[in-house]
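Everything below concerns the one structure shown next.
Everything numeric here is computed off the predicted structure, so don't read it as measured data. Residue numbering restarts at 1 for every chain, and letters A, B, ... go by the order of the sequence lines.
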Amino acid sequence: MKKKQLLKEKTSNGVRKVGVVGIGHTKFGNLSDYELVDIMAYASLNAMEDAGIDGGIDQVIVGNMGAGMLNHQTGIESALVSTLNLEPAMAELVSNGPASGSSAFKMGYMAIVSGMVDVVLVTAGEQMRRVTGWEATDFVATLSHPEVEYPYGLTLPAFAAMFTRAYMAKYGLTERQLSLIAVKDHLNAEKNPFAHVQLPVTMEGIADSCHASVVNSYVSEPLRLYHMCPVSDGASSVVMCAMDGAARFKKKPVRIAGIGSATDTHCVHNRKDPLDLKAVRLAAEMAYKMAGIGPQDISFAELHDAFVILELCLAEEVGFFEKGKAIEAAEKGETEVSGRLPINPSGGLKAKGHPVGATGISQIHELVKQLRSEAEKGRQVKNPKYGLAINFGGFGNNVVATILAKE
Amino acid sequence: MNIAYELEMKLRPPQKEMLPYPAKFITMASGEKMVIRQAKREEIPLLLEVIEPLIKVEKDFYDIVAARFYAELLGFFRYRVRDEYCLVGTIDGVVTSICNGRLVNDDLGMSYHTMTIKRGLRCGAQMFAAKMEYHIEILNQKEVFIVAESPIGFRRWMIEYQLEPRFHVQHELGGVPTYVLTRDLYFAAKERLVTGTRPVPEELLKTSDTLILPEEYPQIPGWHR
Amino acid sequence: MYRVDKNVYAYKCPKCGQLHYPAPMRCKKCGYRRYPEQEIEPNFQREGYKPWEKTPLKGSCKLLTYTRLWNLPIGFDQRYLDFGLVEFENGIRASGRLLVDKPKIGMKLNVRVGKIKEFYGKVCYGLQFVKS
């Protein structure tokens with residue numbers, strides 16, 4: 001009987017099915033008074049509570065980019081297990097820049113699929129406000145090439161700005177159109193209790209008024225302050241399990257339908273086409289293939305909009321829109337919560353915040369929340385079936401795509 | 001005339017006639033209009049109430065800025081600081097941010113403090129810009145001495161305006177290294193950092209007539225007036 | 001030994017001639033290995049191994065995109081810095097400092113090597129793109 005059940009819970013290619021049964025999240029923002037591990041523990045306990053368990057975790061996987069640098073602390077995976085009193089659960093740290101969270105999630109999935117474990121707690125966190133803005137900018141920039149990029153003072157906003165400039169030249173996108181995306185994201189974040197910036201911004205305020213060029217000044221031309229994510233602290237957590245054992249949890253599982261990931265050149269200049277985000281495309285294709293669906297089946301998406309340009313370009317790379325056309329859909333309101341294909345109903349990195357290592361799990365958290373129809377009033381997507389998350393490491397050099405499905 | 005009053009008159013510093021800061025408004029990112037105007041002496045007690053809850057907030061050096069700001073405004077109100085002024089920023093009458101400073105002489109301004117209560121809109125950056133505008137453009141001064149007491153302040157003022165380090169001169173706030181805004185530096189930064197519209201439409205200006213205390217402080221979660 | 005080599009180099013694969021910047025440990029076209037130091041490879045066989053040829057990055061290039069960065073990381077005290085991404089005539093692409101007044105995508109530039117950073121007394125040299 002048990003064997004029969006197990007077979008039933010496998011996908012057509014014979015792979016064990018995995019689902020998410022618990023989610024937890026801290027508020028994103030300035031949490032610098034707390035210890036990083038405590039923040040992660042808080043999110044973990046919320047996820048366990050949501051799953052209706054108080055232990056029974058086989059493995060803990062932590063996603064984090066920079067505790068060694070920012071907190072001067074290593075071994076946070078062991079520290080987390082210990083503060084949660086989950087010993088002797090296995091514990092590992094997964095690091096993949098700003099895509100650390102999704103990579104940790106992928107590793108959790110692989111661990112369960114392998115049959116080695118049944119229940120995995122994946123917790124991702126980052127604390128960037130313990131240091132000054134200069135140091136935080138420098139910290140993120142350390143993921144660029146140490147000889148031919150970093151020493152010049154190039155930062156992630158600079159790469160994004162150069163990308164935006166080239167995109168504008170090719171497709172005619174304007175700064176004002178970029179602001180439209182920011183306004184939509186802020187509107188969604190205002191309704192998200194976990195969001196860092198719960199402040200609506202208006203087109204008048206950030207683009208149209210005669211004061212806008214000062215109020216919304218350039219950070220890296222042509223990108224302005226409100227075209228970029230804030231620097232945030234925060235953590236998010238999920239409990240994943242094999243679907244064959246999901247019945248013992250409090251809530252119905254949300255199924256992991258597809259995961260894909262791919263890399264691209266470390267140096268941005270070495271890409272054949274500076275506007276080609278190949279790793280995004282390949283990761284999404286892999287996830288679609290695994291899920292047996294295509295972009296037309298996705299009900300909503302959480303895309304890594306650390307810079308608003310990325311919401312547009314990622315939407316194009318994953319096949320939602322033709323190249324250069326995403327802005328038209330945004331202008332028609334198609335990507336709003338009530339639109340045909342809502343994008344970043346959480347507020348996205350842009351307004352929900354971007355504690356780099358935590359972002360991937362935060363995106364998964366949002367997918368689960370939406371697919372369970374538990375999102376707050378005004379930002380719940382209507383009858384979602386499939387949700388897609390794109391977590392973007394480096395400037396597109398290590399990308400993870402995740403598709404979750406309503407069971 | 002009683003002796004106490006006579007003594008009080010002796011203690012009070014002489015006050016210079018200062019051109020008033022002409023009110024302006026700025027459309028913030030939220031679309032809200034922030035009115036920036038000069039605070040009247042009789043409004044200082046209310047501004048002290050605005051500041052008071054922040055005196056014990058260590059995060060982002062609010063404690064040191066709030067405690068010193070409180071003392072400076074009290075000194076202004078009780079006639080113990082010479083030629084001081086205070087500017088106030090309001091949205092719908094609610095105080096969002098304040099800044100102050102004083103005139104050392106006709107040519108030299110002394111910037112004191114800038115404090116933001118409402119966060120996320122960069123109100124403080126606009127208040128600091130207004131303060132520099134007051135010294136350089138309205139009062140026509142040659143230089144303003146400035147210090148930073150927090151990393152955020154250092155980034156906003158010293159780096160944004162590329163202020164000239166002049167560590168051998170003494171700022172009135174103590175030993176923190178002194179930086180100087182010259183007229184050239186101000187006008188070089190003006191287009192990028194200083195904005196606002198004058199005159200403020202009557203209806204909008206009216207909203208700022210009676211200052212309203214903030215009900216909540218993002219710096220003190222859970223605190224309500 | 002204290003003289004600073006101020007050149008910035010592209011590396012040519014000795015087997016297939018493919019140019020790389022920066023130097024990889026394995027040719028992207030033919031897979032030929034690059035041994036940087038004998039010390040880290042005890043089984044290094046010098047016989048038959050051809051070292052990679054260094055070619056200074058110089059000459060004219062085309063500006064592909066650019067930005068003016070106003071928020072600099074720690075270690076830079078300037079108010080802003082301009083950066084460009086260029087393509088050299090030999091196909092090599094690189095990022096570097098842009099030192100032209102009115103940059104325009106597609107404009108011809110020349111490259112030179114100059115100081116890009118000074119941190120705790122250590123000077124770093126790198127690519128600067130100037131008007132051709």
Side-chain angles (χ1 to χ4, degrees), chain A residues 69 131-170 213 216-225 227-228 230-231 265-275 307 309 395, chain C residues 8-11 18-25 28 57 61-88 91-98 103-107 113-119 122-129:
Chain A
M69 264 181 96
V131 297
T132 63
W134 284 308
E135 290 166 285
T137 305
D138 175 68
F139 154 66
V140 181
T142 58
L143 53 74
S144 61
H145 195 283
E147 285 171 36
V148 305
E149 291 176 337
Y150 176 79
Y152 287 84
L154 279 158
T155 62
L156 268 288
F159 284 117
M162 289 200 281
F163 181 93
T164 307
R165 174 97 62 196
Y167 187 96
M168 284 174 160
K170 188 164 181 182
S213 67
N216 188 16
S217 57
Y218 283 122
V219 172
S220 194
E221 297 177 22
L223 292 177
R224 293 176 177 275
L225 179 70
H227 297 155
M228 300 194 178
V231 177
T265 64
H266 187 192
C267 294
V268 171
H269 66 246
N270 277 336
R271 297 175 194 168
K272 270 185 189 164
D273 176 355
L275 287 176
F307 312 100
I309 183 72
F395 195 74
Chain C
V8 175
Y9 296 101
Y11 288 74
Q18 174 72 41
L19 278 171
H20 300 77
Y21 172 74
M25 295 302 288
K28 71 174 171 188
L57 280 177
C61 54
K62 188 173 82 175
L63 185 63
L64 300 180
T65 183
Y66 61 94
T67 186
R68 171 165 291 180
L69 178 65
W70 290 89
N71 278 28
L72 297 167
I74 201 153
F76 296 90
D77 294 331
Q78 298 91 330
R79 182 61 206 90
Y80 62 81
L81 286 172
D82 292 341
F83 296 101
L85 199 157
V86 303
E87 184 174 77
F88 289 91
I92 285 286
R93 289 185 184 167
S95 305
R97 285 283 165 74
L98 186 60
K104 218 175 164 189
I105 288 177
M107 79 190 294
V113 175
K115 190 167 97 173
I116 52 164
K117 185 180 184 178
E118 194 172 343
F119 203 47
K122 193 188 165 204
V123 177
C124 291
Y125 294 90
L127 299 174
Q128 296 178 338
F129 308 125

Under 4.5 Å from any heavy atom of chain C, what part of H145(A) do you find: side chain, backbone, both or neither?
side chain
Enumerate the residue pairs fulfilling side-chain hydrogen bond (donor to acceptor under 3.5 Å, both in side chains) with a member in residues 159-169 of chain A, sequence neighbours excluded, ordered by first and then second residue.
Y167(A)-E316(A)
Taking all non-hydrogen atoms of both residues, which atom of R93(C) and which atom of R271(A) are closest, and how far apart?
NH1-O, 2.7 Å
Chain A contact via L127(C) - which portion, at a heavy-atom distance below 4.5 Å:
both
I'd like to check T155(A) versus L69(C) (side-chain heavy atoms, cut-off strictly below 4.5 Å). Are they in contact?
yes
Non-hydrogen side-chain atoms of L154(A) and S95(C) separated by less than 4.5 Å
yes
So, does H269(A) use its side chain to make a donor-acceptor pair with the main chain of G96(C) at under 3.5 Å?
no
K272(A) portion near chain C, given a 4.5 angstrom heavy-atom threshold
backbone
Who among T137(A), L223(A), V148(A), N270(A) has the most heavy-atom pairs with chain C under 4.5 Å?
V148(A)
Any idea which heavy atoms bring Y152(A) and F83(C) closest together, and the distance?
O-CE2, 3.2 Å
Heavy-atom distance under 4.5 Å to chain A: side chain of Y80(C), backbone, both or neither?
neither
T65(C) side chain to M162(A) main-chain N or O, any donor-acceptor pair under 3.5 Å?
yes
P22(C) to C267(A) - nearest heavy-atom pair and separation:
CD-SG, 3.6 Å
Which value, rounded to the nearest 0.5 Å, describes the distance between I74(C) atom CD1 and F139(A) atom CZ?
14.0 Å
Taking NZ in K62(C) as the centre, count heavy atoms belonging to other residues, nucleotides or ligands within less than 6.0 Å. Is the count above 12?
no
Which heavy-atom pair separates T67(C) from S220(A) by the least distance, and what is that distance?
OG1-OG, 2.8 Å
Against chain C, label A166(A) side chain, backbone, both or neither, depending on which of its atoms sit under 4.5 Å from a heavy atom there.
both
If you take all heavy atoms of L85(C) and V268(A), which pair is closest and at what distance?
CD1-CG1, 4.4 Å
Holding to side-chain contact (heavy atoms from CB on, under 4.5 Å), I want the full list of residues that pass it with L98(C), two or more places apart in sequence or in another chain.
L63(C), Y66(C), D82(C), V100(C), P103(C), L109(C), F129(C)
Under 4.5 Å to a heavy atom of chain A? For F76(C) that would be side chain
Just so I understand: if I count every heavy-atom pair under 4.5 Å between each of N71(C), V86(C), I92(C), L64(C) and chain A, which residue has the most?
N71(C)
Identify which part of L81(C) has an atom lying under 4.5 Å from any heavy atom of chain A, answering side chain, backbone, both or neither.
side chain
